[in-house]
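Reviewing the structure listed below.
Note on naming: letters A, B, ... go to the chains in the order of the sequence lines (proteins, then strands), and numbering restarts at 1 for each one. Values in this document were obtained by computation on a predicted structure and should not be read as measured data.
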2 protein chains.
Amino acid sequence: MSTIMPNEPQNPLWRSPVTAADRLLLEIQRTIVEGEIESGSKISEPELARQFNVSRAPLREALARLERCHLIERTPNAGARVVKLSREGLCALYQIREELEGLACRLAAENMDDAEIQQVQELLNQHLDTQRVREGESYYQEAGDLDFHYRIILGSKNPYLINMLCDELYFLVRMYRVQLGMNGPRVSRAFDEHKAIINAIANRDGELADLLMRRHIAASRGNIELKLQQLGK
Amino acid sequence: MSTIMPNEPQNPLWRSPVTAADRLLLEIQRTIVEGEIESGSKISEPELARQFNVSRAPLREALARLERCHLIERTPNAGARVVKLSREGLCALYQIREELEGLACRLAAENMDDAEIQQVQELLNQHLDTQRVREGESYYQEAGDLDFHYRIILGSKNPYLINMLCDELYFLVRMYRVQLGMNGPRVSRAFDEHKAIINAIANRDGELADLLMRRHIAASRGNIELKLQQLGK
DNA sequence: ATCCGAATTATTGTCGACAATTTACAAAAG
DNA sequence: CTTTTGTAAATTGTCGACAATAATTCGGAT
């Protein structure tokens with residue numbers, strides 16, 4: 001099955017949850033991304049601490065990391081609020097994504113070895129099978145898409161790039177996608193675009209992979225932008 | 001005089017130090033960047049807490065933010081170590097810088113209004129004067145260069161981009177520059193490159209500004225890379 | 001003498017309580 | 001009735017102590 005998250009313990013946000021703060025982070029991340037806490041709502045430290053049966057110390061550690069991945073916004077002596085999704089925010093976020101994932105493609109074309117590339121290609125074939133089985137089911141597509149992007153990013157072998165994209169930006173990306181979804185025709189097109197990107201990387205054509213990835217992300221942004229507009233901004 | 005740091009309280013890392021954790025962050029940041037704590041050395045929480053006359057709570061908050069800007073590396077149940085400067089780290093860092101500051105230039109060419117652009121041009125003239133006065137003095141160049149880059153980044157008006165560059169990456173950039181310096185001929189060239197970049201932005205030629213900024217950063221990297229090699233890797 | 005293991009020590013993670021600041025509310029003045 | 005101001009409640013920031021985990025040291029066996 002798809003891995004969704006890379007296994008390497010190289011980044012402090014995705015290490016196996018050994019400490020209470022780690023577990024809290026994962027839990028609250030999921031809660032916010034899935035929209036179980038309303039966007040823009042205030043976060044009460046005492047309440048959350050009671051809710052999760054922990055002290056405020058590990059909770060504050062978790063909140064610090066949540067701020068790091070842009071899921072909450074804190075103001076001194078005033079507390080934290082869940083981030084609000086907006087058109088401007090989406091565009092600003094995807095501008096960065098285009099740039100950084102484009103770079104990731106160029107680097108991946110240089111630095112991924114043949115075995116890694118082949119693994120991604122096999123992964124895509126698996127995804128295509130599961131997609132055939134469950135037509136239009138958005139969750140698997142969601143997971144599969146993220147999985148693909150993660151592999152390319154990791155393939156860049158640039159630790160800062162990996163950290164910025166996987167640890168800091170992608171939770172917000174997931175939040176947009178989970179709450180605003182990805183609908184019908186876009187799903188199957190995304191697969192073809194993935195195929196084209198990894199093929200360009202396999203041909204060591206970083207420039208092409210860069211271009212294709214930028215278009216892929218721009219298309220994805222347009223899709224979400226549409227949904228945002230439909231739901232009344 | 002040069003501002004060095006943007007005044008807006010928009011980012012949580014540079015807000016006016018109202019809390020003990022804020023003061024700690026600024027102090028320890030300076031200490032690490034200036035090299036007063038040796039690269040790679042372990043950070044003892046009890047010792048630092050005693051040294052700054054604070055409890056470990058605000059100190060840990062500060063450490064969390066130090067990790068965020070890549071100045072320390074923490075491992076669970078093992079503590080934090082000051083980051084080590086290396087050729088690979090420098091290249092990985094500047095790869096990101098090239099990409100993101102290139103993007104910042106394109107966005108700045110779109111989003112900076114004429115008044116802001118003129119301010120930057122006046123700033124450069126001021127820097128040129130002070131440079132004439134104090135030939136080869138690297139500190140002012142350092143501050144002036146950073147000031148210039150900050151203005152362009154803020155001019156992009158993209159909050160995520162501003163946050164990533166100003167809050168997360170630039171302290172490490174400063175660390176490389178402070179500890180490895182910027183020497184003679186490069187200093188005056190940097191001024192000309194700055195001039196060319198802001199002129200391209202004034203002409204609303206984002207593509208050119210992007211290209212020039214990438215070259216500017218690549219040249220700066222080459223300069224530091226050389227110093228690193230001289231000092232025995 | 002060297003290597004391995006257990007006990008000791010030190011450090012990190014977590015807890016509950018207190019202090020400082022902000023927010024909410026209510027009463028009084030305009 | 002609106003605005004202002006002072007008080008009270010709640011929340012955040014900080015502290016010192018305890019628990020859990022990792023590093024160190026010392027002793028013993030090979």
Side-chain angles (χ1 to χ4, degrees), chain A residues 9-29 31-32 37-38 40-68 70-84 167, chain B residues 9-29 31-32 37-38 40-68 70-84 167:
Chain A
Q10 56 190 339
N11 53 54
L13 286 172
W14 283 358
R15 65 194 184 206
S16 44
V18 294
T19 185
D22 296 332
R23 285 188 295 273
L24 274 176
L25 176 65
L26 290 178
E27 269 298 320
I28 305 180
Q29 261 177 352
T31 305
I32 293 180
I37 304 183
E38 197 175 6
S41 64
K42 189 172 183 325
I43 289 194
S44 165
E45 289 186 7
E47 186 185 330
L48 266 189
R50 202 161 31 83
Q51 190 172 331
F52 286 101
N53 278 326
V54 290
S55 164
R56 277 177 54 216
L59 176 66
R60 285 172 65 85
E61 171 84 25
L63 289 182
R65 297 193 219 168
L66 283 174
E67 183 185 24
R68 184 168 163 180
H70 307 280
L71 291 184
I72 66 173
E73 292 168 352
R74 299 167 94 186
T75 51
N77 288 316
R81 306 192 81 87
V82 178
V83 73
K84 270 189 288 196
D167 293 344
Chain B
Q10 56 191 337
N11 53 55
L13 286 173
W14 283 357
R15 67 193 182 205
S16 44
V18 295
T19 187
D22 296 331
R23 285 188 296 273
L24 274 175
L25 175 65
L26 290 178
E27 267 301 318
I28 306 179
Q29 260 177 353
T31 306
I32 293 180
I37 305 183
E38 198 174 7
S41 65
K42 187 171 183 324
I43 288 195
S44 164
E45 289 186 9
E47 186 185 331
L48 267 189
R50 199 161 36 80
Q51 190 172 332
F52 286 102
N53 279 326
V54 291
S55 164
R56 277 177 54 215
L59 176 67
R60 284 173 66 87
E61 171 85 24
L63 290 183
R65 298 193 219 168
L66 283 174
E67 183 185 25
R68 184 167 161 180
H70 308 280
L71 290 183
I72 66 173
E73 291 168 352
R74 298 167 95 187
T75 51
N77 288 316
R81 307 192 78 87
V82 178
V83 72
K84 270 188 289 197
D167 293 345

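- Of the candidate nucleotides D/dA23, C/dT14, C/dG13, C/dT14 has the atom nearest to the side chain of A/Ser55.
- Protein atom CD1 of B/Ile72 is 15 Å distant from nucleotide atom C1' of C/dT11, rounded to whole Å.
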Could you walk me through whether B/Ile28 and B/Leu59 pass the side chain to side chain contact (heavy atoms under 4.5 Å, CB included) test, one step at a time? CA-CA 10 Å; B/Ile28 306 179; B/Leu59 176 67; 3.9 Å; yes

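- In this structure, B/Glu45 places its CD atom 9 Å from C1' of C/dG13, rounding to the nearest Å.
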Side-chain donor-acceptor pairs of residues 50-58 of chain B under 3.5 Å, sequence neighbours excluded:
residue, atom, partner, partner atom, Å
B/Ser55, OG, B/Ala57, N, 3.3
B/Arg56, NE, B/Glu45, OE1, 3.1
B/Arg56, NH2, B/Glu45, OE1, 3.1

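- Every side-chain contact (heavy atoms from CB on, under 4.5 Å) that A/Val83 has, sequence neighbours left out, goes to A/Glu73, A/Leu172, A/Met175.
- Using a 4.0 Å heavy-atom criterion, one finds that B/Leu59 contacts no nucleic acid atom at all.
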N/O-N/O pairs, protein side and nucleotides 17-19 of chain D side, under 3.5 Å:
none

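- Considering only side-chain atoms of B/Asn77, the nucleotide from C/dG13, D/dT14, C/dG16 that sits closest is C/dG13.
- At a threshold of 4.0 angstrom between heavy atoms, the contacts of B/Leu24 with the nucleic acid are absent.
- The side chain of B/Lys42 contributes an N or O atom lying less than 4.0 Å from OP1 or OP2 of C/dT12.
- The phosphate of C/dT14 has OP1 or OP2 within less than 4.0 Å of a side-chain N or O from A/Thr19.
- Taking only side-chain atoms of B/Ala57, from C-beta outward, the nucleotide of D/dT12, C/dT14, D/dC15 with the closest atom is D/dC15.
- For the pair A/Asp22 and A/Arg65, the salt-bridge criterion is met [side-chain N within less than 4.0 Å of a carboxylate O].
- If you measure from atom CD of B/Glu47 to atom C1' of C/dA10, you get 13 Å, rounded to the nearest angstrom.
- Rounded to a whole Å, the CG atom of A/Leu63 is 13 Å from the P atom of C/dT14.
- At whole-Å resolution of the value, CD1 in B/Ile43 and C1' in D/dA23 are 18 Å apart.
- Scanning all heavy atoms of the two residues, the minimum distance from A/Ala21 to A/Glu61 falls at CB-CG, 3.6 Å.
- Rounded to whole Å, the distance from CZ on B/Arg50 to C1' on C/dA10 is 13 Å.
- Listed for the A/Arg74 side chain is no donor-acceptor partner under 3.5 Å among the backbone atoms of A/Ala80.
- Picking from D/dA23, D/dC15, D/dT12 the nucleotide with the shortest atom distance to the side chain of B/Pro58 gives D/dC15.
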Would you check, one step at a time, whether the test side chain to side chain contact (heavy atoms under 4.5 Å, CB included) holds for A/Leu26 with A/Gln29? CA-CA 5 Å; A/Leu26 290 178; A/Gln29 261 177 352; 3.9 Å; yes

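- Rounded to an integer number of Å, the gap from B/Arg81 CZ to C/dT12 C1' is 15 Å.
- For B/Ala78 and A/Asn53, each mapped to the nucleotide of DNA chain C holding its nearest heavy atom, the one lying further toward the 5' end belongs to B/Ala78.
- For B/Arg74 and C/dT12, the CZ to C1' distance is 9 Å, given to the nearest whole Å.
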